[in-house]
Structure formats: structure tokens, C-alpha cells
2 protein chains.
Amino acid sequence: MTVTMKDIARRAGVSRQAVSAALGNSQSSIRVSDETRWRVAQVAQDLGYLPNSAARVMATGKFGCVAMLSSPLGRLSTVTTPFLCGIHDTLNTFDLHLLQAMIPADEAHRAQFVPKFLREYMIDGFLVNYVAEIPPTLKAAFDSRVQPCVWMNVDMPCDAVRPDDYTAARDLTGKLIELGHSRISFVAHHSDHYSVAMRRQGYSDAMLAAGLEPGSIYNVLGSRGWVALGREWLRSDDRPTAVVAYDSFTAKPILFAALMEGLRVPGDLSLATFDVDTAEDMTAGVKIAAMVVPWYSMGKSAVELLVEKIEQPDLSFPCRHISFTFDAGETLGPPR
Amino acid sequence: MTVTMKDIARRAGVSRQAVSAALGNSQSSIRVSDETRWRVAQVAQDLGYLPNSAARVMATGKFGCVAMLSSPLGRLSTVTTPFLCGIHDTLNTFDLHLLQAMIPADEAHRAQFVPKFLREYMIDGFLVNYVAEIPPTLKAAFDSRVQPCVWMNVDMPCDAVRPDDYTAARDLTGKLIELGHSRISFVAHHSDHYSVAMRRQGYSDAMLAAGLEPGSIYNVLGSRGWVALGREWLRSDDRPTAVVAYDSFTAKPILFAALMEGLRVPGDLSLATFDVDTAEDMTAGVKIAAMVVPWYSMGKSAVELLVEKIEQPDLSFPCRHISFTFDAGETLGPPR
DNA sequence: TTGAAAGCGCTAACAT
DNA sequence: ATGTTAGCGCTTTCAA
């Protein structure tokens with residue numbers, strides 16, 4: 001049926017473990033001559049041999065596999081391409097592969113759901129890409145597991161990786177202050193996610209450090225509400241000269257509202273935000289200044305941390321905070 | 001070390017295969033009494049038993065696993081949440097798990113790259129989420145594989161699944177015609193992807209069938225270019241009264257351009273597009289009418305097709321075309 | 001109904 | 001350096 005090392009050994013006229021050593025799979029100190037190695041490789045190629053992963057797992061006790069758990073709800077999990085790339089690229093360097101699990105979209109199914117990788121024994125460790133509202137059944141399955149686990153994008157003291165939202169917000173606000181702005185507002189939607197409070201805190205601290213008065217606006221209406229709210233707000237005489245928006249879903253309607261009100265950006269209003277993948281969306285033909293979430297680095301760091309935990313299962317590691325990068329965009333300038 | 005069925009058998013005082021049967025893993029005709037079944041379950045629970053996936057794979061010859069291959073380049077692969085949900089939910093119903101592989105982001109690595117699931121023997125079949133520009137080394141690794149494979153989002157005669165772009169475009173254009181529009185333009189960016197040609201064809205056929213003159217505009221400048229181009233275009237006297245835009249990256253700048261020019265939408269201009277996940281983006285506070293790509297169904301159908309191919313490896317199946325759904329949005333109305 | 005034994009493909013600890 | 005052997009945890013077949 002399928003080609004095994006036995007077949008290769010027979011065809012090449014060498015021993016089984018010579019084949020194993022020649023293919024570089026065995027850890028043992030067996031040496032084989034270059035000629036044998038070459039012949040084995042040749043035969044393996046001819047026969048279309050592929051090592052059987054399950055057999056190797058059985059023999060070594062290592063799965064060579066890491067799982068990632070995500071939610072179907074966009075606000076609870078990050079499934080952007082750069083994030084996945086960072087994870088995959090880093091796993092590749094350790095010759096690990098990725099098993100991806102997602103909670104069911106349907107709520108009734110979700111309550112009962114436990115992914116296969118938690119019901120069976122098949123991974124070396126796992127990544128949690130799930131910031132809140134984890135179903136109780138699932139949480140219980142987690143906690144009874146012995147495999148190491150790394151949390152991503154949550155505020156936990158150890159075994160977690162997240163962006164450094166506080167510093168990013170402080171620095172971004174600092175840049176506006178340096179440009180000469182003093183009426184700077186922070187705008188956000190309501191959310192329990194730690195990053196809202198952290199970005200706000202970074203903004204506030206930067207304002208207070210410069211002797212300025214922080215002022216925030218929250219909105220529960222979503223993007224739709226921002227346009228109407230933004231237009232009204234920006235019409236008033238004491239409107240801010242600069243806005244720090246929590247994310248692009250907040251920033252874009254504000255940009256739109258400003259332009260519709262006839263304000264020039266950045267002439268009349270400077271705008272800065274977080275989390276915009278600048279290449280992706282240019283609805284208004286303008287690139288918004290942003291602290292860009294380092295998704296690729298996030299994925300990379302999470303995997304590196306997980307690998308350390310797999311190698312030293314009994315240790316705990318402090319949370320890692322990943323720095324943002326700055327993209328000046330086209331919406332930053334001095335106040336009039 | 002880890003708990004095995006042997007441990008359960010000893011503790012529960014029953015035979016090994018009684019344990020296997022009681023846990024519902026074995027296919028054999030062994031019957032166990034309810035009492036035994038209950039005691040075995042109890043002991044398994046107490047001991048924290050988990051079946052070893054690799055051992056089962058070894059014994060059965062089935063991996064219970066499907067791989068998906070994607071590209072780090074957004075235009076070549078779809079990694080949206082609904083798509084992944086459709087895939088995961090459907091895999092769950094077959095008790096399959098998903099191994100996800102992604103080509104390296106770095107070009108130098110990419111040329112050599114062959115994912116682990118193609119270098120080892122570890123899956124029952126795989127999904128290709130890669131519409132073009134597949135590196136030659138990778139393509140070669142594909143072609144030498146015996147596992148069944150399903151292509152997604154490409155125009156192939158068999159063993160593939162894709163949205164029915166032609167019908168969606170024809171129907172969408174038909175809706176505008178029914179509203180009374182006659183000057184309807186199709187706008188798109190340049191791309192080799194089959195869907196650009198198909199949507200354009202659907203649009204053209206609908207126009208011709210109504211005795212109207214089709215007219216298309218292409219743009220190589222990306223979203224940024226559309227704003228300037230769109231404003232100029234919409235200022236002219238013979239501007240269209242309705243626009244069918246290839247996707248949301250085309251439609252949104254046009255909406256913006258129209259509003260900046262003082263046109264009312266849909267009073268002065270109707271706008272319709274494809275592929276907008278309407279909940280996600282409301283930059284302008286307006287929901288654009290759209291034929292919504294059925295990503296969830298795409299994932300579901302792809303997995304169903306793959307499962308059929310796994311069960312009948314020697315058969316080929318015709319390509320499946322998935323229907324779009326229509327979201328009327330707020331940008332459709334009769335011409336003035 | 002229950003028990004014993006073989007075997008899946010590989011690795012690693014032994015022998016020689 | 002090379003060959004032999006046991007064993008990973010499970011399923012399945014064959015005997016009792």
C-alpha cells in the first residue's frame with residue numbers, strides 16, 4: 001500500500017536503521033557512509049516514500065504539533081493574515097505544524113463544543129486566540145489539560161503575549177503635542193477589552209505630563225453613529241484640533257465626517273489612530289496616521305514563548321509586550 | 001506517564017477491548033453491558049484518560065485530518081472568518097480536524113517551501129486556498145501526492161468550489177435595470193482573477209438583454225486613484241445613474257467621491273457591489289447594496305466535496321458554484 | 001460475552 | 001559500523 005522504510009531497506013540492500021539514519025530521522029549516533037546515504041535517498045525518491053507522521057509520534061512521544069483556538073466572533077479573535085504569517089513562519093523554524101480549531105458559529109452548538117485537540121491526545125501545546133466570553137464547557141476542558149498554553153492579546157501577568165497599547169498611545173499623543181496641539185480628544189467605542197482602557201490611559205498620561213486637559217468621547221452606536229455624531233461635534237467652536245481614535249472603525253467615520261464638514265485634514269484637523277493596516281483601506285484616498293499593531297511580531301513571540309514552555313513545561317514566563325510601529329500617514333500636521 | 005486504556009482496564013477490572021467498546025471507539029461487534037460501560041466511563045473520567053490520536057491513526061490507517069493551504073498574500077487566499085467558520089463547522093460534523101499551512105511571507109523562503117503535510121504522511125485530504133502564482137516547488141509537491149484535493153475559489157471544471165459570480169452580476173445589474181436605470185457602469189480594478197471577467201460578463205449580458213449599452217471602467221491606481229478619478233468622472237454631464245462596482249475596495253471610494261461631489265445616494269446615484277461584509281465597515285455611515293459572497297457556504301461545500309473525494313478517491317466531481325445572497329443596503333433607488 | 005495475539009511504521013536501546 | 005529487538009497505544013482478528 002504505502003511505502004515504508006522496510007521497502008527502502010530491501011530495495012537499497014541496507015538495514016532498516018541505516019535507512020532511518022540516512023534519511024536523517026533518527027537521533028541515534030549511527031553513522032552511514034555518504035554512498036549509502038545517497039543510494040537511500042535515491043530509492044526513497046523513486047518509491048515516493050513519505051515518513052508516517054503517526055508512527056514517528058508513537059515512537060518519540062512528541063507530536064510536532066501546536067494548536068490554535070479561535071472564536072468565530074471577530075471581536076474576540078484575531079485572524080488577520082500578518083498574525084497568521086508570524087505564527088506559521090515561526091512554527092516552521094521549529095518544524096512544528098499548526099492545528100487550527102474554531103468554536104462553532106452556531107450558539108447552541110457552541111455551548112457544548114470541545115475541539116478535538118482537547119478531547120484527544122495529539123498536540124504538544126496550544127495558543128489561545130480568544131480574549132473573552134469563553135464558554136464554560138470549553139474553559140473546563142482547557143483547565144484540565146496538561147499541555148502548555150500561551151494566551152494572546154489578553155492582559156495576564158504570565159504566559160501571555162500582547163501589544164504594548166499603553167506606550168503606543170502615550171507616544172502617539174506625544175507626537176501630536178510636539179506638533180503644537182493642545183485640544184486633543186480621545187475617541188473610542190465601548191468595550192471591555194483591556195486595550196481600550198490602556199490606550200486611554202496612555203493618552204491621558206501624555207496629556208497630563210504636558211499640562212494639558214485630557215478629554216474622551218465614547219460612543220455606543222458603532223461606526224454608523226460616528227458619522228452623525230462626528231459631524232455635529234466637529235461643527236462646534238471648541239472642537240479639538242487633533243483626534244486620537246481608538247481604532248480604524250472609529251477613525252474612518254471621523255475622517256469622513258471632517259471632510260464632509262469641509263474641514264481640511266490635516267490643515268484643520270489632525271487625526272491619528274491604531275490598528276489600521278494602511279495598505280488595505282483607503283476609502284477616502286487618504287492614509288490615516290497610525291500606530292500599527294505588530295501582528296506579525298505578535299504571532300512570532302507567541303510561538304517562541306510556547307516553544308519555551310514546551311521545552312520547560314513546569315516554568316511560567318512573564319507576559320511579553322510587543323511594541324507598535326509608527327506610520328506617519330497623511331493626516332498629521334501642526335494646528336492652524 | 002500518560003493514561004492508557006490498559007490503565008482503565010486494570011482499574012475497572014474489565015478487558016482491554018471491553019474498554020475500547022465501552023468508550024465507543026471500536027468498530028467491532030463487541031457488546032458491553034450498560035453497567036460496564038458506565039464504570040469504564042467513570043474510571044476514564046477519574047484518571048483523565050484521553051485517547052492517543054497517533055495510536056488510533058496507526059491502527060486504523062485514517063488520519064481524521066484535513067489540511068488547508070493558504071498564501072500570505074491577501075489577494076491569493078481568502079482567510080475571512082465566515083469562510084473559516086464554514087470549513088470548521090462542517091469538518092466538525094465529520095469529526096475531522098484542520099491542519100492549516102501557510103506559505104512563508106518571505107519570498108526567499110517561499111521558493112523552497114513545502115509544508116510539512118506534504119513532506120510527511122499525515123492527512124486524508126487537503127483544500128487549496130490559493131488562486132494563482134503557486135511556487136513551482138510547491139506545485140510539484142502537490143502533483144506527486146495521492147491524497148484527494150479540492151480547489152477553492154478558482155475556475156476549474158472539476159474538484160473545485162467557487163462563487164457563482166456570473167449569475168450574481170447578471171442579477172444585480174437586472175435589479176438596477178428594473179428600477180429604471182439605463183446608464184449603468186461597471187467599474188473594476190485590473191486583475192487576472194476569473195471573477196473580474198465573470199462579473200463583467202454577467203453585467204454585460206444583463207445590459208444587452210435589456211437593449212442597453214454596457215460600459216466599463218478599469219483602473220490600475222487602486223483605491224487611492226478611485227477617489228480622484230471618481231470625482232472627475234461623476235462631475236461630467238453624461239455620468240451614469242447607477243454603478244456596479246467589482247468589490248468594496250472599488251465601491252467605497254466611489255461612494256465617497258459621490259458624496260464629496262454633493263451627489264445624493266441613492267437619489268442622484270445608485271451604487272451596488274459584491275463582497276461587502278456589510279456589518280464590518282460603514283465608514284460613510286451608509287450600507288452599500290451588495291451581492292454578498294457566500295463564504296460560509298463556500299467553506300461548507302468545499303469540505304463536503306473533499307469528504308466525498310476521500311470516501312471515493314478514484315472519482316472526480318464537477319465544480320460546484322455557490323449562489324450569492326442579496327443585501328439591499330441603502331444605496332439603491334430609481335433614477336431621478 | 002470475554003481473552004489472547006498480531007500488527008500498524010517508526011525510534012531507540014541493545015546486542016554483535 | 002551494522003543487525004536485532006522491544007515497544008509506543010490502539011484496533012481488529014481469531015480462539016476460547
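Below, chain A is the first sequence line, B the second, and so on; all start at residue 1.
- In this structure, Leu50(B) atom CG and dC10(D) atom C1' are separated by 14 Å, rounded to whole Å.
- Judged by distance alone, the side chains of Asp159(A) and Ser316(A) do bring a donor and an acceptor atom under 3.5 Å apart.
- Under the 3.5 Å distance criterion, the side-chain polar atoms of Thr4(B) are matched with a main-chain donor or acceptor of Lys6(B).
- Thr2(B) has a side-chain polar atom (N or O) that falls below the 4.0 Å cut-off from OP1 or OP2 of dG9(D).
- Between Lys62(A) atom NZ and dC8(D) atom P there is a gap of 17 Å when expressed in whole angstrom units.
- Atom CE of Met58(A) is separated from atom P of dA12(C) by 14 Å (rounded to the nearest Å).
- The distance from atom NZ of Lys6(B) to atom P of dG9(D) is 8 Å, rounded to the nearest whole Å.
- Minimum atom distance to the side chain of Ala55(A) is reached by dC10(C), of the listed dT11(D), dG9(D), dC10(C).
- Nucleotide dC10(D) holds its P atom 14 Å from the CE atom of Met122(A), rounded to whole Å.
- One interatomic measurement links the two molecules: CD of Glu120(B) to C1' of dC10(C), which rounds to 11 Å at whole-angstrom precision.
- For Met5(A), whose side chain is taken as the heavy atoms from C-beta onward, the closest listed nucleotide among dT11(D), dC10(C), dC10(D) is dC10(C).
- Between Tyr49(A) and the phosphate of dC10(C), there is a side-chain N or O to OP1/OP2 separation shorter than 4.0 Å.
- No more than 12 heavy atoms of other residues, nucleotides or ligands shown are found within 6.0 angstrom of CZ on Arg11(B).
- A straight line from CZ of Arg10(B) to P of dT2(C) spans 19 Å, rounded to a whole angstrom.
- If you measure from atom CG of Asn52(A) to atom C1' of dC10(C), you get 8 Å, rounded to the nearest angstrom.
- The only member of Phe317(A), Phe142(A), Tyr194(A) that meets ring pair (Phe, Tyr, Trp, His ring centres under 6.0 Å) when paired with Trp151(A) is Phe142(A).
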